[in-house]
Protein chains: 2
Amino acid sequence: MEKAVALQVFEALSSPVRLDVFRLLVQAGRAGKVAGEIAEALDVPPTNLSFHLKGLTQCGLASVEQEGRYQRYRANIPLMLDTIAFLTANCCADDPDECADLRRGTPAAAPFLPALEPVARARGTSRS
Amino acid sequence: MEKAVALQVFEALSSPVRLDVFRLLVQAGRAGKVAGEIAEALDVPPTNLSFHLKGLTQCGLASVEQEGRYQRYRANIPLMLDTIAFLTANCCADDPDECADLRRGTPAAAPFLPALEPVARARGTSRS
DNA sequence: GCAATATTTCAACACTCGTTGAACTATTGA
DNA sequence: TCAATAGTTCAACGAGTGTTGAAATATTGC
């Protein structure tokens, strides 16, 4: 994946409205949602929603298909996964032990953010 | 994870400089890098780098540790994984078959990718 | 103490982004 | 054809972001 694409994806996901829309589409799966459904679900004015849907489609994170007078949007999950792969490429200096340690410390559904207590912990104090 | 945190993470990753810095730190692993090393590796002026490092640390994506007159930065990989989990929560209308289809053809680059398992098994389906 | 090194803060500027109402296009149903 | 519905485009404004040089802070070695 090219860096430019990853940047566009992250930029798209950095807006509250677009993040909500994308997650809604991810949860909708193949079925997707038409613009009106999205607008109703998220309580976003049509004008504004259209603006953000354009952003999501332009970076490839969503696709559109016309259905009569409706526009059906769907999440591009492969692109999302590609972007994640790009972000984690060659991680941990290619040391599998490091990766294992880091993953162990992170239950996939952690309720609290480990904001300022990250990898630094692994160095010096608790590890030999 | 709170939506606000995920937003800050994506916003942080939506800048070319910050994306480069974060990926560099991910690749550096536990060792991390001091600001000067990052500046040299990416050819970013110190003033500008400092600005972006602040952004990365404020959202929790990087940590700082003082080492004499140096500042050592490290990637917060658990936070990154939490964010990914947040993004993919309840995907595909909780239909495991959909997830399996979508994940097919996705590059399995980093050792981190297995952490995405919840995507495919959101509904307790044993697969593999 | 003093100079050199490493990094951050500050002020200023151009630039981009998000939101909104009004106007526009396209499709449906009568 | 006409009115209603679904959605997008446009113009404008305020707010936020990225970059830079100059100045400030902190640490090291002499």
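Lettering of chains follows the sequences in order, A, B, ..., and the numbering in each one begins at 1.
Residues B:Phe86 and A:Arg23 approach most closely at O-NH1, 2.6 Å, considering heavy atoms. Scanning all heavy atoms of the two residues, the minimum distance from B:Leu7 to A:Leu13 falls at CD2-O, 3.7 Å. Shown here for A:Glu65 and A:Arg74, the closest heavy-atom pair between the two residues is OE1-NH1, 2.8 Å. Closest approach of A:Ala35 and A:Leu49 over heavy atoms only: O-CD2, 3.3 Å.
Phosphate contact (OP1/OP2 of C:dC17, side-chain N/O of A:His52, threshold under 4.0 Å): absent. Dashed line: the shortest gap from a side-chain N or O of B:Asn48 to OP1 or OP2 of D:dT19 is under 4.0 Å. The shortest distance between the side-chain N/O atoms of A:Tyr73 and the OP1/OP2 oxygens of D:dT8 is below 4.0 Å. Between B:Gln66 and D:dA26 there is no side-chain polar atom (N or O) within less than 4.0 angstrom of OP1 or OP2.
In this structure, CG of B:Leu13 is placed 15 Å from P of D:dT17, rounded to the nearest angstrom. C:dG18 atom P lies 13 Å from atom CG of A:Leu53, rounded to whole Å. If you take CZ of A:Arg69 and C1' of C:dC24, they are 17 Å apart, rounded to a whole angstrom. The separation between B:Gln8 atom CD and D:dT17 atom P is 11 Å, rounded to whole Å. What separates CG of B:Asp43 from P of D:dT19 is a distance of 13 Å, to the nearest Å. One atom, CD of A:Glu65, and another, C1' of C:dT27, lie 16 Å apart when rounded to the nearest Å. Atom CD of B:Glu67 is separated from atom C1' of C:dT8 by 18 Å (rounded to the nearest Å). Atom CD of B:Gln58 is separated from atom P of D:dG18 by 12 Å (rounded to the nearest Å).
Here the side chain of B:Ser15 is nearest to one of C:dT20, D:dG18, D:dT19, namely D:dG18. Listed candidates were D:dT19, C:dT9, C:dT7. Nearest to the side chain of B:Val17 is D:dT19. Nearest to the side chain of B:Phe51, among D:dT20, D:dG18, C:dT8, sits D:dG18. Proximity note for A:Gln71 (side chain, C-beta onward) versus C:dT7, D:dG7, D:dT20: the nearest is D:dG7.
Comparing A:Ser14 and A:Gly68 along DNA chain C, the residue whose closest nucleotide (by nearest heavy atom) sits nearer the 5' end is A:Ser14.
B:Arg18 comes within 4.0 angstrom of sugar-phosphate atoms only, judged by non-hydrogen atoms across all strands, and of no base. Backbone-only contact: A:Glu11 has heavy atoms under 4.0 Å from sugar-phosphate atoms and none from a base.
Taking the C1' atoms of five terminal pairs at each end of the helix from C:dG1-D:dC30 to C:dA30-D:dT1, the two resulting helix axes are inclined by 30°, rounded to 10°.
Using a distance-only test at 3.5 Å, with no hydrogens or angles considered, no donor-acceptor pair links the side chain of A:Glu2 to the main chain of A:Ala4.
Here the straight-line distance linking atom NE2 of A:His52 with atom CG of A:Leu19 works out to 11.5 Å at 0.5 Å rounding. One finds the OG1 atom of A:Thr57 at 11.5 Å from the CG atom of A:Asn76 (value rounded to the nearest 0.5 Å).
Classification of A:Glu67 and A:Arg72 as a salt-bridged pair holds, one side-chain N sitting under 4.0 Å from a carboxylate O.
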